[in-house]
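To keep things clear, I will list the structure first and then write my remarks on it.
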Amino acid sequence: MIVINKPVLQTEGDFVIISSEISIGHKIEILWYKFPNRFEEYVVYERLDAFIVGLLFLGLKTGEDIYLKGPVSHRLFYTLNHYLIDVLCAANTAYKKIKVFAENLDSSNLNLKNIAGTGLSCGVDSFATYYDHLKDEGNYKIEFFTFFDVGSHGVFEGKKAGEIYKDRLQNSREFAKNEGKELISVESNLSKFLELPFQSTNTLRNISCVLHFQKLFSNYYFASSYPYKHFKLDPTDTTYYDIWNLHLLSTESTNFYSSLPGLSRIEKTALISNYEGTFNFLDVCLTPDRNQNFKNCTKCEKCLRTCLTLELLGKLENYHTVFDLKAYKGQKNRYIGQILNTRKKNIFSEEIFQLLKEKRVLSQTHYFEKVKNSIDIRWRGFKKRIKQQLK
């Protein structure tokens, strides 16, 4: 059995660390989360909600039940045992169904500020979430941004991952400052416990960070990655079914929403491209390099996809400070060929293919090049097989 003990709060310079002793068999490890100490008043140390959500995948992976030596949200306790564990096991048959036990159940509302927040990676999805809520009021208005280091920037404790995190955090901080908003950064050693691919555990990792701030957020928007028409229980990516699992992570204090699940990536890109605030901050890169002159490498699949989408929308020049437009133009035709070859098995390629047709960009030349390349590849393969047979 995995045992999660009551949280401990301590100050370390300008930061506050909330941690819990985790007993796994005969081993005891410390799971911690670190954030700036100016947000300490909003931290939930009374309940173990954040820790159980963060470590749930560990129990599913090992098949060990989890016991909470302290209070947990009654609502969360109920949804975990009755719904979410079943959903996650249905998505990945390698997981084992477990039970969560708790010393105490707490049904109180801990929220003090009654406001909304969202994550800010400065990617298309997060920007779209923010701009979609600009006109909301009351406890639905976004007043705070968050930025988490729980595995999305690379392998835990790796030097490269640390550099990427710092660069991305600085970019998000600058955007937040321009918008007159606060940004809460959170670091954690959660990856060391899970030892699972980030994307397959993405949603729960990030929500575990938010649950530390239930006194602040009454509503929290988690940017959707895929339109709900592509909903599926995918073992490699929890964000395919966020529209289902996010509400199962809500508590008496904080409600979670999958933001803009009805929009495609192209529609989200069109939305954010209307806002000048994104022009110098858009960051979509899969392989960032802090020594380059642009925020984005303009070579990886996400960079090329975003550049091509922006060009088709007539907005690419607005982003000349974050993309190397000369490098993009040199790869554009090759990437269109890639779109043609992958559109039947890649959601985003199919979306762009439809936009290419709508904008009448697809010419006979592109189709000819596609066929020619295909013939060349097959011919080279045929010649290689003949040579091998003649040896």
For Phe39, all residues meeting ring-ring contact (aromatic ring centres under 6.0 Å, His included), sequence neighbours excluded: none
May I ask you to say whether Asp106 pairs ionically with Arg47, meaning some side-chain N is under 4.0 Å from a carboxylate O? yes
Backbone N/O of Phe217 and side chain of Thr254: donor-acceptor pair under 3.5 Å: yes
Partners of Phe193 by ring-ring contact (aromatic ring centres under 6.0 Å, His included), sequence neighbours excluded? none
How long is the gap from CG on Leu31 to CD on Glu21, to the nearest 0.5 Å? 11.5 Å
Is the shortest heavy-atom distance from the side chain of Ile4 to the side chain of Tyr67 under 4.5 Å? no
Going by heavy atoms in the side chains, are Arg205 and Phe198 under 4.5 Å from each other? yes
Do the ring planes of His212 and Phe51 sit parallel (below 30°), tilted (30 to 60°) or perpendicular (above 60°)? perpendicular
Hey, are the side chains of Tyr95 and Thr62 touching, using non-hydrogen atoms and a 4.5 Å cut-off? no
Is the closest side-chain heavy-atom distance between Val186 and Asp149 below 4.5 Å? no
When rounded to the nearest 0.5 angstrom, what is the spacing between CD1 in Ile352 and CZ in Arg265? 9.5 Å
Please state whether the rings of Phe127 and Tyr131 are parallel, tilted or perpendicular, taking 30° and 60° as the class boundaries. tilted
Holding to salt bridge (Lys or Arg N to Asp or Glu O under 4.0 Å), I want the full list of residues that pass it with Lys268, two or more places apart in sequence or in another chain. Asp125
Check the hydrophobic clustering (I, L, V, M, F, W, Y; side-chain heavy atoms under 4.5 Å; chains of links allowed) and say if Phe101 and Ile2 are grouped together. no
Give a yes or no on this: more than 12 heavy atoms of other residues, nucleotides or ligands lie within 6.0 Å of atom NZ of Lys69. no
Under 4.0 Å between a side-chain nitrogen and a carboxylate oxygen: does that hold for Glu40 and Lys215? no
Single-linkage hydrophobic cluster Leu286~Val150, side-chain heavy atoms < 4.5 angstrom: no
So do Glu351 and Ile347 actually touch side chain to side chain, heavy atoms under 4.5 Å? yes
Tested for side-chain contact (heavy atoms from CB on, under 4.5 Å) against Tyr130, the lone hit among Tyr275, Tyr221, Phe175 is Phe175
